[in-house]
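In what follows, chains are A, B, ... by sequence order, proteins preceding strands, each numbered from 1. FYI, side chains are in, hydrogens and waters are out, and symmetry mates aren't considered; it's all heavy atoms of this structure.
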2 protein chains.
Amino acid sequence: MSATAPTFLPLYRQIRDLILRSLEAGEWRPGAAIPSELELAARFRVSQGTVRKAIAELAGENLLLRRQGRGTFVATHSELRQQFRFLRIVPDEGAPEPYESRASECRRARASVEAARLLELKPGDGVVCIRRVLRFGGAPIVLEEITLPGSMFKGLSAAKLGKHAGSIYHLYETEFGTPMIRADEKLRAAAADAGAAQALGVVAGTPLLSVERVAFTYGDRPVEWRRGLYRTDKHYYRNVLT
Amino acid sequence: MSATAPTFLPLYRQIRDLILRSLEAGEWRPGAAIPSELELAARFRVSQGTVRKAIAELAGENLLLRRQGRGTFVATHSELRQQFRFLRIVPDEGAPEPYESRASECRRARASVEAARLLELKPGDGVVCIRRVLRFGGAPIVLEEITLPGSMFKGLSAAKLGKHAGSIYHLYETEFGTPMIRADEKLRAAAADAGAAQALGVVAGTPLLSVERVAFTYGDRPVEWRRGLYRTDKHYYRNVLT
DNA sequence: GAGTGGTCTAGACCACTAG
DNA sequence: TAGTGGTCTAGACCACTCC
């Protein structure tokens with residue numbers, strides 16, 4: 001009952017993989033333009049149409065961004081429009097608001113068995129643990145604990161987190177060369193414990209939305225494990241099913 | 001600050017819209033094959049490539065399903081693979097399991113102000129209200145209240161719900177000619193009230209995942225409003241961010 | 001005006017399915 | 001073997017951005 005191996009790999013998919021390899025290798029940085037379609041066609045000795053189809057796939061996976069008349073760009077978390085790509089919380093009333101992040105903790109630790117399993121590390125490997133609160137309109141709405149492989153995030157500190165503007169994924173990609181491209185989330189309801197209640201300004205036992213996430217970089221390599229607790233009395237988690 | 005009108009509508013998009021209109025009109029039923037690309041190209045007097053691009057868009061929106069060597073088919077909720085397209089609950093351990101639906105109630109009522117707003121009806125218009133429980137492995141996991149426009153679901157009854165095999169969306173499309181193609185969900189955490197606690201076998205106050213959904217048919221017309229309460233002690237709501 | 005991505009066509013050939 | 005969708009090419013032209 002093994003999965004059938006692909007008996008045929010179209011040319012455009014091979015080109016796609018070559019471009020992907022260049023992205024992984026950092027040949028073009030996030031936000032930068034990649035060569036034009038005609039240049040890539042010449043480089044790979046294929047027609048422009050084949051390159052177009054390869055790029056279209058990568059754009060569909062949000063790894064590239066096409067802009068007519070300007071070029072094709074490596075996806076980045078630096079733009080405001082990307083701010084809420086991975087953060088699906090929305091206020092009941094009004095438009096999505098900018099948030100403010102306050103990291104209360106950023107320490108080195110040893111990977112738990114669970115962290116090791118999810119991040120494909122060995123138990124005991126070094127990790128970075130971040131604890132932070134996201135505030136919307138001044139109010140604490142999200143409490144998060146983030147776990148990262150220590151080896152990939154060597155210089156990460158509370159100071160660096162505080163100094164950095166924009167989303168933490170922007171920090172990952174600019175300071176540590178690790179763009180996040182996909183994430184799996186598990187959502188549950190949970191009662192606030194004493195710590196969460198205090199951080200979010202609710203009474204203990206209040207139902208909170210628990211969002212557990214593993215985020216991946218190129219090659220489906222897991223890089224970040226986080227657990228968020230969301231207040232959902234004035235906000236909700238938006239999802240679109242298609 | 002109005003949205004800029006599309007100054008240019010590509011041919012393939014016009015063809016897309018024509019095919020969409022045929023789908024809306026029911027020219028081809030869910031599950032049935034649409035004409036081949038060459039036939040459509042002849043009908044619309046465009047090249048096969050243009051039809052291909054139109055179909056590719058509709059397939060990307062999950063309105064059509066392409067199968068090499070066989071043809072292109074109208075999307076349907078009748079297939080098992082589609083069972084969990086709109087139901088994102090997954091057990092902590094093991095593979096997704098089939099579920100059993102028990103409707104405890106199916107009655108006619110007048111639309112509340114909120115139901116009218118969400119379903120684009122007038123307050124007081126006739127609606128159908130369904131209350132049901134979904135069981136996984138015999139255990140009640142999801143409690144749902146579903147509201148539908150009465151005018152579109154004239155013969156719907158508890159008996160019909162009970163007789164029908166498969167998902168309720170399959171019922172909508174086969175018995176009432178209304179395929180569901182998209183849904184917006186709002187997720188929150190909520191404490192179980194007495195009724196929910198009894199239905200799901202938990203103590204009152206237990207945190208439950210609240211899933212409020214509006215589902216749409218062709219033309220972004222809202223057709224279904226539902227609120228689900230999910231037990232998440234042994235299951236979770238799965239989401240993929242890309 | 002030069003350069004980019006976007007559209008459209010026509011045709012050849014390939015891979016897959018079914019009878 | 002016939003018919004379907006899938007791939008690949010080459011070329012012409014369009015729409016958009018920037019200088």
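In this structure B:R67 satisfies the side chain to side chain contact (heavy atoms under 4.5 Å, CB included) test together with B:L65, B:R70, B:F73, sequence neighbours excluded. Remark: A:F86 engages A:H77, A:Y169 in a ring-ring contact (aromatic ring centres under 6.0 Å, His included) (not counting sequence neighbours). Contacts of A:Y12 classified as ring-ring contact (aromatic ring centres under 6.0 Å, His included), with partners at least two apart in sequence or in another chain: none. Residues meeting the salt bridge (Lys or Arg N to Asp or Glu O under 4.0 Å) test with B:R85, sequence neighbours left out: none. In this view, A:E145 and A:R131 satisfy the salt bridge (Lys or Arg N to Asp or Glu O under 4.0 Å) rule, not counting sequence neighbours.
Using modelled atom types, one finds no donor on one side chain facing an acceptor on the other under 3.5 Å when comparing A:Y236 with B:E185. Donor-acceptor pairing under 3.5 Å is recorded for the side chains of A:E97 and A:H235.
Put simply, chain A comes within 4.0 Å of DNA chain C, heavy atom to any atom, from C:dG3 to C:dC16, going 5' to 3'.
Among pairs with a residue in residues 169-184 of chain B, those fulfilling salt bridge (charged side-chain N to carboxylate O under 4.0 Å, His left out) read B:K160-B:E175, B:R182-B:D184, B:R182-B:D220, at least two apart in sequence or across chains. Legend: salt bridge (charged side-chain N to carboxylate O under 4.0 Å, His left out) pairs involving residues 18-33 of chain B, not counting sequence neighbours, sorted by first then second residue: B:E27-B:R43.
Within 6.0 Å of CZ on B:R227 lie no more than 12 heavy atoms contributed by other residues, nucleotides or ligands.
Classification of the B:Y99-B:F84 ring pair by plane angle, with boundaries at 30° and 60°, yields perpendicular. The aromatic rings of B:F176 and B:F153 sit tilted relative to each other, their planes meeting at an angle between 30° and 60°.
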Notebook entry, point to check: Dot-bracket for DNA chain C: what is it, with Watson-Crick or G-U pairs under 3.5 Å, [ ] where a pair crosses earlier ones, and | for a pair to another strand?
Noted result: ||||||||||||||||||.
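Closest non-hydrogen pair, A:L134 versus A:S101, comes out as CD2-CB, 3.7 Å. The two residues A:R66 and A:A59 come nearest to each other via the heavy atoms CG-CB, 3.9 Å. The two atoms that bring B:A75 and B:P30 nearest to each other are O-CB, 3.6 Å, heavy atoms only.
At a non-hydrogen distance threshold of 4.0 Å, B:Q68, B:G69, B:R70 from residues 55-77 of chain B come into contact with DNA chain C. Non-hydrogen atoms lying under 4.0 Å from DNA chain C are contributed by nothing in residues 18-28 of chain B. Non-hydrogen atoms lying under 4.0 Å from DNA chain C are contributed by B:V46, B:S47, all within residues 33-49 of chain B.
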